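Below is one structure, written out as structure tokens; the observations come after it.
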Amino acid sequence: MSGIVEKISNMVVGEQQAPKVDPSTETFVGSIDQGTTSSRFLIFDTKGEPVAVHQGEFSQIYPNPGWHEHDPEEIVKSVENCIEGALKIFEKDGHSKESIKAVGITNQRETTVCWDNKTGKALYNAIVWTDTRTAALARELKARDGSDKLQDICGLPISTYPSVTKLLWLLRNVEKVKEAYEAGNLAFGTIDAWLTFKLNGGPDKNIFVSDATNSSRTMFMDIRTLKYSDEVLDFFSYEFDLRKVHMPEIVRSADTKAYGQLTSGSLQGWPIMGCLGDQSSALVGQKGYEPGSAKNTYGTGCFLLYNVGDKPVISKHGLLATVAYNFDGKPIYALEGSIAVAGSGVKFLMNNLGFSQASHKITELAETVQDNGGLVFVTAFSGLFAPYWIDDAHGTMFGITHHTERGHIARATLEAVCFQTKAILDAMEKDSGHKLTELAVDGGMSNSALCMQTQADLVGIPIIRPKMRETTALGAAIAAGFAAGVWKDFDELKEVNTAGQTIFEPKMDDASSKKMFKRWERAVQMSKGWLAEEDAEEGKPQAEGEKEDAKKEQEEGSKL
Ligand SMILES: Nc1ncnc2c1ncn2[C@@H]1O[C@H](COP(=O)(O)OP(=O)(O)O)[C@@H](O)[C@H]1O
Ligand SMILES: O=P(O)(O)OC[C@H](O)CO
């Protein structure tokens, strides 16, 4: 949570009810931000300032090495709690919910949910975008005839990252998913589709939609037509006929009707009018509307999006083509560099290695040393994503000596994201033929000034950090606000979030910066090939019976 939002939450606690403001004199837009580690609901005024927020974390489930799941029902509950929490603050401050004109949704992308479209019940946990259980399956798919043609259609290469491999794994391995498929009741969706379906009350209304920024992360969508691609569906249908799987209708990112409305809670009846995958949303929130503008969001992972205008650019250097937004049927595209581990590396030091209890303390620890002391941490917990796409690496530290302290490890963890960003910018320059002159940043990890200074030093251009860093949520509010007529065009947003920026200018000399990066590149090459074929074999989920047995054994054990 960015500092400014923490202040808003703290200010309100324990304060008296403020005098009521006439709702006809105020206008607000709500934004659901469903991220990888937490959900939030923010309420923005027309200047793009958040006036109320509530955030809640939910369970991260890691059943096997490389597996990462979420409970889809818990995600919905966390969103509902956040709406109630933020609304309480909002009303305590004297505002009325009647002045909230619409709600937008932004969400973690690729994460895959399968549910029964008759009962509305999820059939398995959501498989999270970081999950690498499909490494062997991805290799199998890459070896099939025609696999090299897919990226040109959908913008993404085959890897464990897009939703398709997750769906195929669920069809192969989860009995309930197979049964729903056989019965013709299997619904597949990313988190945006699941949330809109559930927030609309489930099967009764059966609102089943997704916007193109989310659909472009499944591999199923033709990035030019914004429709499901027959060629892609044919390619992936060799074992299961994917046309038998219900997939959401692809709609515009701003729409007055398609997303329906909230059917329960204090905002029951309020319309959902906007939807953007979180990285596209951050680009919109950073006002990256001109071709050539870019943003880098340091959240759980880190994602650099570069606006390429109204035609997709299919990367030749390890980047992805994605939809930036589609407000009016004229889609705008981005080149994307995706880094799997950013803030999750910081959390790993905290939760798994017990380095500290708070994220900012990791930065403080990193500041206790002058430099990385020769240590390089290739944080390939999910393999390495862009621009490398190495799926047979795991996290590896190079250069440990008797000199190495915890501070060096903290520093190397922050630096790993900066190195990958540098590699992505180099690739982007080759793909686009343009060199960026500055980079806008946001996301939790951008709170670390040390990390942002290192970033500026490594890429050699100024890093611009806005004061209000909830730009992801702001993007979805802008999408909903466009549909609701709160804002009419980008010009009206010119002044939003411009005051109080911090600019990190490059300070390191060129030779030292190049030397650091060269050492990183050597480490990346050396991390390749760790996972042998037998390590990458597909895992199986625990069968229901086995789960029960394990539970009983545990209970009996604890009685002894
Ligand atoms: N001062 C800080 N230094 C380093 N990392 C930080 C700092 N503040 C927050 N983070 C990291 O940022 C991440 C949360 O960012 P956020 O944008 O909220 O992510 P998401 O939207 O993916 O849930 C966490 O992993 C957290 O450890
Ligand atoms: O949770 P974040 O902010 O790191 O974003 C997750 C991305 O959408 C995954 O593609």
Side-chain angles (χ1 to χ4, degrees), residues 1-3 5-6 32-40 42 53 55-58 60 68 70 75 78 106-112 126-131 156 159-163 166 190-192 213-214 216-218 276-283 285 295-305 320 322 336-352 355-367 379 382 385-386 410-411 413-418 441-455 465 469-473 475-476:
M1 191 192 276
S2 72
V5 173
E6 263 167 45
I32 295 167
D33 181 357
Q34 204 304 295
T36 309
T37 54
S38 72
S39 300
R40 299 163 216 198
L42 292 94
V53 61
Q55 179 177 19
E57 297 203 343
F58 52 87
Q60 303 297 319
H68 188 183
H70 291 155
I75 283 190
S78 77
T106 178
N107 56 283
Q108 51 169 323
R109 306 164 305 163
E110 299 94 20
T111 298
T112 298
I127 301 187
V128 181
W129 59 274
T130 48
D131 190 293
L156 314 181
S159 75
T160 58
Y161 181 35
S163 314
K166 305 173 200 304
T190 40
I191 291 292
D192 56 315
T213 66
N214 278 295
S216 67
R217 316 302 297 181
T218 60
L276 289 161
D278 57 4
Q279 302 309 323
S280 289
S281 198
L283 184 70
K295 69 88 210 176
N296 204 21
T297 301
Y298 302 71
T300 303
C302 180
F303 302 86
L304 202 155
L305 263 66
L320 309 179
T322 201
E336 172 174 326
S338 329
I339 300 168
V341 174
S344 57
V346 171
K347 287 228 158 139
F348 166 78
L349 298 187
M350 288 158 53
N351 301 340
N352 300 39
F355 270 30
S356 99
Q357 291 305 309
S359 303
H360 69 272
K361 297 264 183 203
I362 299 294
T363 293
E364 285 171 21
L365 190 59
E367 280 164 348
T379 48
S382 302
F385 284 12
R411 201 163 181 123
T413 307
L414 301 180
E415 286 178 356
V417 190
C418 304
V441 298
D442 51 41
M445 205 174 167
S446 73
N447 289 328
S448 169
L450 174 66
C451 185
M452 294 303 99
Q453 185 56 51
T454 308
Q455 190 65 85
R465 185 178 70 181
R469 295 200 269 287
E470 295 292 339
T471 30
T472 301

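One-based numbering along the sequence shown. Start at 1 and go down the list; that is how both ligands and their atoms are numbered. Worth saying up front: this structure is predicted, and the values here are computed from it rather than measured.
Heavy-atom contacts of G443 reach the following atoms of ligand 1: 17 (O) (cutoff under 4.0 Å). Near T37, the atoms of ligand 1 lying under 4.0 angstrom from a non-hydrogen atom of the residue are 23 (O). The distance from ligand 1 to the heavy atoms of R40 drops below 4.0 Å at these ligand atoms: 16 (P), 18 (O), 21 (O). With ligand atoms numbered from 1 in the order given, ligand 1 contributes 25 (O), 27 (O) to contacts under 4.0 Å with heavy atoms of K347.
Checking T106 against D33 by side-chain atom types alone, no donor-acceptor pair falls below 3.5 Å. T322 and S216 share a donor-acceptor pair across their side chains, judged by distance under 3.5 Å alone. Side chain to side chain, E415 and T454 fail the donor-acceptor criterion of an N or O pair below 3.5 Å. Residues S39 and Q34 have side chains that bring a donor and an acceptor to within less than 3.5 angstrom of each other.
Contact of the P162 side chain with the R217 side chain is not registered, since no non-hydrogen atoms from C-beta on lie closer than 4.5 Å.
Considering OG of S359 and CG of L349, their distance stands at 10.0 Å, rounded to 0.5 Å. Atom-to-atom distance recorded for L304:CG and E336:CD is 9.0 Å, nearest 0.5 angstrom. The CD1 atom of I127 lies 11.0 Å from the OG1 atom of T160; values are rounded to the nearest 0.5 Å.
Residue contacts with ligand 1 for T363 involve side-chain atoms from C-beta outward but no N, CA, C or O (heavy atoms, distance under 4.0 Å). Only the side chain of V346 comes within 4.0 Å of ligand 1, counting heavy atoms alone; its backbone N, CA, C and O stay farther away.
Annotation: M445 places an N or O atom under 3.5 Å from an N or O atom of ligand 1; distance criterion only. Note: an N/O pair closer than 3.5 Å links S359 and ligand 1 by distance alone.
Atom 24 (C) of ligand 1 has its nearest heavy-atom neighbour, among G343, G345, G444, G301, in G343. The nearest non-hydrogen atom to atom 19 (O) of ligand 1, considering only C302, A342, S448, G299, comes from G299.
Partners of T363 by side chain to side chain donor-acceptor pair (under 3.5 Å), not counting sequence neighbours, listed by chain and number: S448.
In this structure, I362 has no heavy atom closer than 4.0 Å to ligand 1.
Among the candidates N214, I75, T112, D278, the single residue satisfying the side-chain contact (heavy atoms from CB on, under 4.5 Å) test with I191 is I75.
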May I have the N/O to N/O pairs between ligand 2 and the protein that fall below 3.5 Å, each with atom names and distance to one decimal?
from, atom 1, to, atom 2, distance (Å)
ligand 2, 1 (O), T36, N, 3.3
ligand 2, 1 (O), T36, OG1, 2.4
ligand 2, 3 (O), D278, OD2, 3.3
ligand 2, 4 (O), T300, N, 3.2
ligand 2, 4 (O), G301, N, 2.9
ligand 2, 5 (O), D278, OD2, 2.8
ligand 2, 5 (O), Q279, NE2, 3.2
ligand 2, 8 (O), R109, N, 3.0
ligand 2, 8 (O), R109, NE, 3.0
ligand 2, 8 (O), D278, OD1, 2.6
ligand 2, 8 (O), D278, OD2, 3.2
ligand 2, 10 (O), R109, NE, 3.3
ligand 2, 10 (O), R109, NH2, 3.0
ligand 2, 10 (O), E110, OE1, 2.6
ligand 2, 10 (O), E110, OE2, 3.3
ligand 2, 10 (O), Y161, OH, 2.7

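Y161 and W129 have perpendicular rings, their planes meeting at more than 60° on a 0 to 90° scale where under 30° would count as parallel.
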